[in-house]
Amino acid sequence: MRGLALALMLLPLPALAEGMKFDGRAVEQCLAGGGWRDCVGQAAEQCMQATPGGYSTVGMGGCLDAERQWWDADLNALYQELLERARDTDAQPPIEGMAPRPSDEEALRAMQRAWIIWRDATCEYEALQWWGGTGAGPAAIGCLMQLTGEQALRLRSMLAEG
């Protein structure tokens, strides 16, 4: 994970932030239209098109990271909703004659913690494929955006099922 953190730190994103044209509504509109999986990366792509220098290494990194942050906030909100549901499930009285049900809250936390480790290792490997090149930062951030978006969609599906 140190390599991934280093790749992210090397991007001079603050200089781009002033002129960046990221709009998270592109993701919201896509989700409302039922696009779901196709929605991950839409706002970053629009940002790159609308931002001067958006297809430069710094521009791509800034737009990808802005969408990653959008998905991360969405994921955290969905996770909190699932935690509330898990706590409600855990508070239900046990069914007579059955073994006690394992904790939904503990299982959800374990799942999310394991996913974070997998995400970070996957994206560190992605950045490694660009070793020594300027594409490592955007590759890592793009990977984080993609996997965070996919996990948010997975949590969204879990909420819809229950």
Side-chain angles (χ1 to χ4, degrees), residues 1-11 13-14 17 20-48 60-129 136-162:
M1 279 188 271
R2 287 184 301 241
L4 180 58
L6 177 61
L8 295 175
M9 290 186 326
L10 292 177
L11 288 173
L13 298 177
M20 193 168 57
K21 309 280 189 219
F22 178 80
D23 187 353
R25 290 178 294 188
V27 181
E28 293 166 4
Q29 290 169 352
C30 184
L31 290 172
W36 285 55
R37 210 161 178 41
D38 296 332
C39 298
V40 181
Q42 293 246 341
E45 181 61 34
Q46 287 180 13
C47 174
M48 285 181 248
M60 288 187 296
C63 290
L64 291 166
D65 191 51
E67 186 169 336
R68 179 204 58 80
Q69 290 177 42
W70 189 96
W71 283 111
D72 190 57
D74 188 54
L75 182 145
N76 286 322
L78 294 164
Y79 179 74
Q80 289 305 313
E81 287 184 56
L82 280 169
L83 268 177
E84 287 179 31
R85 183 191 300 172
R87 289 177 183 136
D88 288 345
T89 299
D90 288 350
Q92 297 297 315
I95 298 172
E96 193 171 323
M98 290 189 72
R101 178 184 165 97
S103 169
D104 271 31
E105 182 177 357
E106 289 175 20
L108 178 63
R109 285 184 194 279
M111 183 253 332
Q112 192 65 8
R113 287 177 180 153
W115 172 79
I116 290 168
I117 292 167
W118 174 81
R119 177 205 62 195
D120 290 350
T122 299
C123 294
E124 186 171 338
Y125 178 77
E126 180 76 22
L128 181 61
Q129 303 316 297
I141 296 170
C143 177
L144 289 168
M145 177 203 65
Q146 183 70 40
L147 297 182
T148 302
E150 290 173 5
Q151 183 69 355
L153 293 172
R154 184 171 294 109
L155 298 184
R156 189 179 296 270
S157 292
M158 290 176 180
L159 279 169
E161 291 171 2

Original post:
After noting the C-alpha distance and the side-chain angles of Arg109 and Gln112, does the key distance pass the side-chain hydrogen bond (donor to acceptor under 3.5 Å, both in side chains) rule?
Top reply: CA-CA 5 Å; Arg109 285 184 194 279; Gln112 192 65 8; over 6 Å; no
Original post:
Taking all atoms of both residues into account, what is the closest heavy-atom pair of Cys63 and Phe22, and its distance?
Top reply: O-CD1, 4.2 Å
Original post:
Going from CD on Gln146 to CZ on Arg68, what distance comes out if it is rounded to the nearest 0.5 angstrom?
Top reply: 14.0 Å
Original post:
Are the charged groups of Arg87 and Asp90 less than 4.0 angstrom apart, N to O?
Top reply: no
Subject >> Whether Asn76 side chain and Asp72 backbone form a donor-acceptor pair below 3.5 Å >> reply: yes
Subject >> Pairwise distance CD1(Ile116) to CG(Leu147) - rounded to 0.5 angstrom >> reply: 12.5 Å
Original post:
Is there a donor-acceptor pair under 3.5 Å between the side chain of Glu106 and the backbone N or O of Pro102?
Top reply: no
**OP:** Kindly compute the distance separating CZ (Arg119) from OG1 (Thr148), expressed to the nearest 0.5 Å.
**Re:** 5.0 Å
Subject >> Criterion side-chain contact (heavy atoms from CB on, under 4.5 Å) on Trp115 and Leu155, from CA distance to verdict >> reply: CA-CA 12 Å; Trp115 172 79; Leu155 298 184; over 6 Å; no
Subject >> Distance (rounded to the nearest 0.5 Å) between Ile95 CD1 and Arg101 CZ >> reply: 8.5 Å
Subject >> Which atom of Leu64 lies closest to which atom of Pro138, heavy atoms considered >> reply: CD1-O, 3.5 Å
Original post:
Less than 4.0 Å between a side-chain N and a carboxylate O, is that true for Arg156 and Asp74?
Top reply: yes
Please tabulate, one pair per line, all N/O donor-acceptor pairs under 3.5 Å involving side-chain atoms of residues 33-44, not counting sequence neighbours.
unit_1 : atom_1 : unit_2 : atom_2 : d
Gln42  : NE2    : Asp38  : O      : 3.3

**OP:** Measure across Trp70 and Val27 and return the closest heavy-atom pair with its distance rounded to 0.1 Å.
**Re:** CZ3-CG1, 3.3 Å
**OP:** For side-chain contact (heavy atoms from CB on, under 4.5 Å), just list the numbers for Leu144 and Trp71, CA-CA rounded to whole Å, side-chain angles, deciding distance to a tenth of an Å, and then say yes or no.
**Re:** CA-CA 10 Å; Leu144 289 168; Trp71 283 111; over 6 Å; no
Subject >> Point-to-point distance, once rounded to the nearest 0.5 Å, from OH of Tyr79 to CG of Leu82 >> reply: 9.0 Å
Subject >> Minimum-distance pair of heavy atoms, taken over all atoms of Ile141 and Asp65 >> reply: CG2-N, 3.3 Å
**OP:** Kindly write out the residues that satisfy side-chain contact (heavy atoms from CB on, under 4.5 Å) with Glu81, not counting sequence neighbours, or none if the list is empty.
**Re:** Leu78, Leu159
Subject >> Cys47/Asp23 under side-chain contact (heavy atoms from CB on, under 4.5 Å): CA gap, chis, key distance, verdict >> reply: CA-CA 7 Å; Cys47 174; Asp23 187 353; over 6 Å; no
Original post:
Could you give the distance from NZ (Lys21) to CE (Met48), rounded to the nearest 0.5 Å?
Top reply: 15.5 Å
**OP:** Evaluate side-chain hydrogen bond (donor to acceptor under 3.5 Å, both in side chains) for Glu84 paired with Gln80, printing each intermediate quantity in order.
**Re:** CA-CA 6 Å; Glu84 287 179 31; Gln80 289 305 313; over 6 Å; no
